[in-house]
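This report refers to the structure that appears directly beneath it.
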Amino acid sequence: MNNLLPLPVLLPMFGAALTMLLGRRPRVQRAVSIVTLVAVCAVAGSLIWITDTQGVQSLWVGAWAPLGVVLVADRLAALMLTVASLVTLFVLIYATGQDEEEVRRETPVSIFHPTFLLLSAGVSDAFLAGDLFNLFVGFEVLLFASYVLITMGGTGERIRAGSIYVVINLVSSLLFLTALAITYGATGTVNMAQLSLRFGALPHDVTIGIQLLLLVVFAIKAAVFPLSFWLPDSYPTAPAPVTAVFAGLLTKVGVYAILRTQTAIFPDNPLTDLLGWAALATMLIGILGAIAQSEIKRLLSFTLVSHIGYMVFGIALATQASIGGAIFYTAHHITVQAALFLVAGLIERVGGSTSMDRLGGLAATAPVLGVLFFIPAMNLAGIPPLSGFIGKLGLLMSGVDVGTPLAWSLVVGSVLTSLLTLYAVAKVWNRAFWGTPVLGPFAPDETLPDDAARAGKLPAVMVGATAALVALGLTLTAVAGPLYGYVDRAAAGLLGNAYLEAVLSGVGR
Amino acid sequence: MSPNLTLAIIAGALIACGVYLITERSLSRILMGVLLAGNGVNLLFIVASGPAGGPPLIGVTPREEMADPLPQAMVLTAIVIALATAAFVVTMAYRSFQLNGHDEVADDVEDNRIRELAKADEASDSFEEIRFTDTGADVVSE
């Protein structure tokens with residue numbers, strides 16, 4: 001069954017090649033993309049079952065053990081893969097719902113589907129990578145796809161936002177390469193399992209340097225304060241589906257990489273203080289930024305930064321409960337944040353803008369939209385019994401268990417952040433959904449007879465895809481019991497030796 | 001293994017020049033910087049791979065005289081990525097030039113908003129006006 005492992009990377013790559021060839025036939029192209037992603041979801045789902053029943057799976061690609069590329073799936077990687085591929089699938093379906101006119105404006109070229117699939121391949125590769133260099137390659141694949149997607153159409157605003165995004169990520173890639181060269185010079189390997197053994201024999205000064213360099217790289221990708229400044233400025237300008245998949249996945253790949261390096265490579269040195277304070281600052285500064293915004297997409301980008309802090313909180317404390325909480329929160333946050341950005345795209349269609357100054361009364365104009373916004377927004381703020389509440393509760397309890405002053409500060413900080421998140425989304429609700437309906441200067445189809453008809457203009461496919469993503473968030477709530485058991489086992493696996501043994505069994509160390 | 005000092009110094013110099021260029025505003029200079037620093041980092045891999053040796057082919061070179069092939073494979077990958085980077089950034093710089101007449105990375109939205117707020121604040125007492133004007137005319141101080 002090990003041979004399933006390359007499929008989440010290979011399928012989207014072949015799909016990308018095929019859709020590239022089919023560039024002139026949009027319908028076939030869409031069908032190929034959707035079939036590919038459905039297949040990836042199926043593989044990822046079966047990996048969840050396999051890793052949970054049979055333990056960590058690994059595959060030395062081309063049997064080049066112990067020098068070559070190794071793909072590893074443990075419970076964490078399988079869960080991330082599944083959630084990521086489901087979200088990618090729904091976002092892609094949402095994107096296919098755009099009508100012809102919008103396709104010309106938002107995704108004007110036939111390269112949208114190939115690039116989107118390559119992004120998915122890069123994300124899968126990063127989740128499955130068992131060595132740092134393959135992780136780097138996975139990052140580069142997804143970054144290059146994201147460069148193309150964020151500047152899609154090449155309008156002035158997107159080039160401006162894209163320039164910042166591209167330069168930041170080029171610098172972080174350079175830092176990553178430097179860290180790899182130093183790691184190889186110090187240890188003679190980039191395999192994570194071998195590194196965890198060999199770093200133990202090296203002086204602390206050497207390993208701490210490499211660890212900090214890697215953390216800086218991943219913190220840039222994950223948008224951890226103070227390395228988060230680029231995110232709210234570059235995400236909101238991209239087309240809605242692109243923003244949704246970026247917000248859902250790309251930062252979480254950074255969080256995943258932090259979690260993986262902290263547990264697999266440097267298990268003896270959790271850097272609790274550094275990561276803990278960074279997490280606290282990320283939560284509070286992110287959410288204060290969100291409150292100051294009057295534009296929905298920018299506000300959501302700031303809440304994204306803020307909630308990355310919760311995951312870093314769990315990683316920093318490095319207990320089984322806190323890491324389990326962080327994994328659960330990551331899975332929850334991918335679905336919720338992507339759903340909210342898709343809703344923001346729908347708001348833009350109905351209201352003609354995502355600026356709260358120009359919106360109003362959407363709850364009357366488009367009641368469906370109101371429901372679709374309300375559920376993930378409450379989920380984000382952590383209202384019981386939704387999954388956001390469960391994830392936060394798990395993190396808070398783990399913080400109380402640790403009981404150090406830092407842990408208590410994190411507990412207080414995260415409760416405060418949660419309240420302020422509620423304030424921020426309530427502000428959106430009050431200004432955009434309540435009040436008298438305002439038709440912005442760009443409101444589409446003012447000739448339509450009444451508000452209901454205008455709301456009816458939302459394409460069923462887009463509403464359906466968004467509803468499916470919202471429903472996925474609710475499913476996480478419904479299966480929270482078994483899922484929490486699963487993430488707890490995943491956290492136990494991360495803190496134990498299972499990963500090491502699965503990768504290195506039968507090969508040299 | 002003793003590292004090759006010459007290579008390390010060259011790598012350091014390349015990365016230093018690259019970092020200096022990356023701090024510029026123009027995208028084409030940033031690209032030059034990224035390429036220079038990238039080459040510097042590639043040299044670091046060569047430093048990490050130890051002393052030069054023969055081609056790592058079984059049957060051609062005795063095992064103890066082989067060069068370490070793994071860092072070279074990594075450098076090859078990095079070079080390919082650098083090529084793609086160059087292609088993409090040049091395109092983006094050109095598009096930026098088409099749209100704006102220059103290829104400079106613009107201020108972000110938040111900076112502009114803070115500037116707007118500062119303008120709105122001009123009426124208040126705490127506002128301190130700092131303005132540099134250059135009318136183009138020669139001004140002789142009295």
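Because the structure is predicted, anything quoted here is derived from the model rather than measured. Note: hydrogens, waters and symmetry copies are ignored here, and every other heavy atom, side chains too, is used.
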[X] versus chain A, the contacting section by heavy-atom distance below 4.5 Å:
| X | answer |
| --- | --- |
| Phe45(B) | both |
| Asn100(B) | neither |
| Leu44(B) | both |

Looking only at heavy atoms and a cut-off of under 4.5 Å, which of Ser163(A), Ala161(A), Gly68(A), Ala292(A) has the most pairs with chain B?
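It is Ser163(A).
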
Against chain B, work out which of Ile182(A), Leu170(A), Val190(A), Val137(A) has the most heavy-atom pairs shorter than 4.5 Å and name it.
Leu170(A)

Part of [X] within contact of chain B (heavy atom distance under 4.5 Å):
| X | answer |
| --- | --- |
| Thr151(A) | side chain |
| Leu143(A) | neither |
| Phe133(A) | side chain |

If I compare all heavy atoms of Ser173(A) with all of Glu140(A), which pair ends up nearest, and what's the gap?
OG-OE2, 2.6 Å

In terms of heavy-atom pairs under 4.5 Å with chain A, which of [options] leads?
| options | answer |
| --- | --- |
| Ile15(B), Val75(B), Asp68(B) | Asp68(B) |
| Ile81(B), Val19(B), Val105(B) | Ile81(B) |
| Asp103(B), Thr91(B), Thr77(B) | Thr77(B) |

Heavy-atom side-chain proximity of Val89(B) to Val34(B) below 4.5 angstrom:
no

Is there a side-chain contact between Thr187(A) and Thr183(A) in this structure, where contact means two heavy atoms from C-beta onward sitting under 4.5 Å apart?
yes

Do the side chains of Glu104(B) and Arg25(B) get close enough for a salt bridge, i.e. N-O under 4.0 angstrom?
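Judged by the 4.0 Å cut-off on N to carboxylate O distance, Glu104(B) and Arg25(B) do not form a salt bridge.
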
Check for a donor-acceptor pair, side chain of Lys297(A) on one end and backbone N or O of Phe341(A) on the other, with a separation under 3.5 Å.
no

Ring centre gap for Phe139(A) and Phe136(A) strictly below 6.0 Å
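That pair fails the under 6.0 Å test.
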
Quick check on the 6.0 Å ring-centre criterion: do Phe218(A) and Phe176(A) meet it?
yes

If you count heavy atoms of other groups shown closer than 6.0 angstrom to CE of Met66(B), is the number above 12?
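Enclosed: over 12 neighbouring heavy atoms sit under 6.0 Å from CE of Met66(B).
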
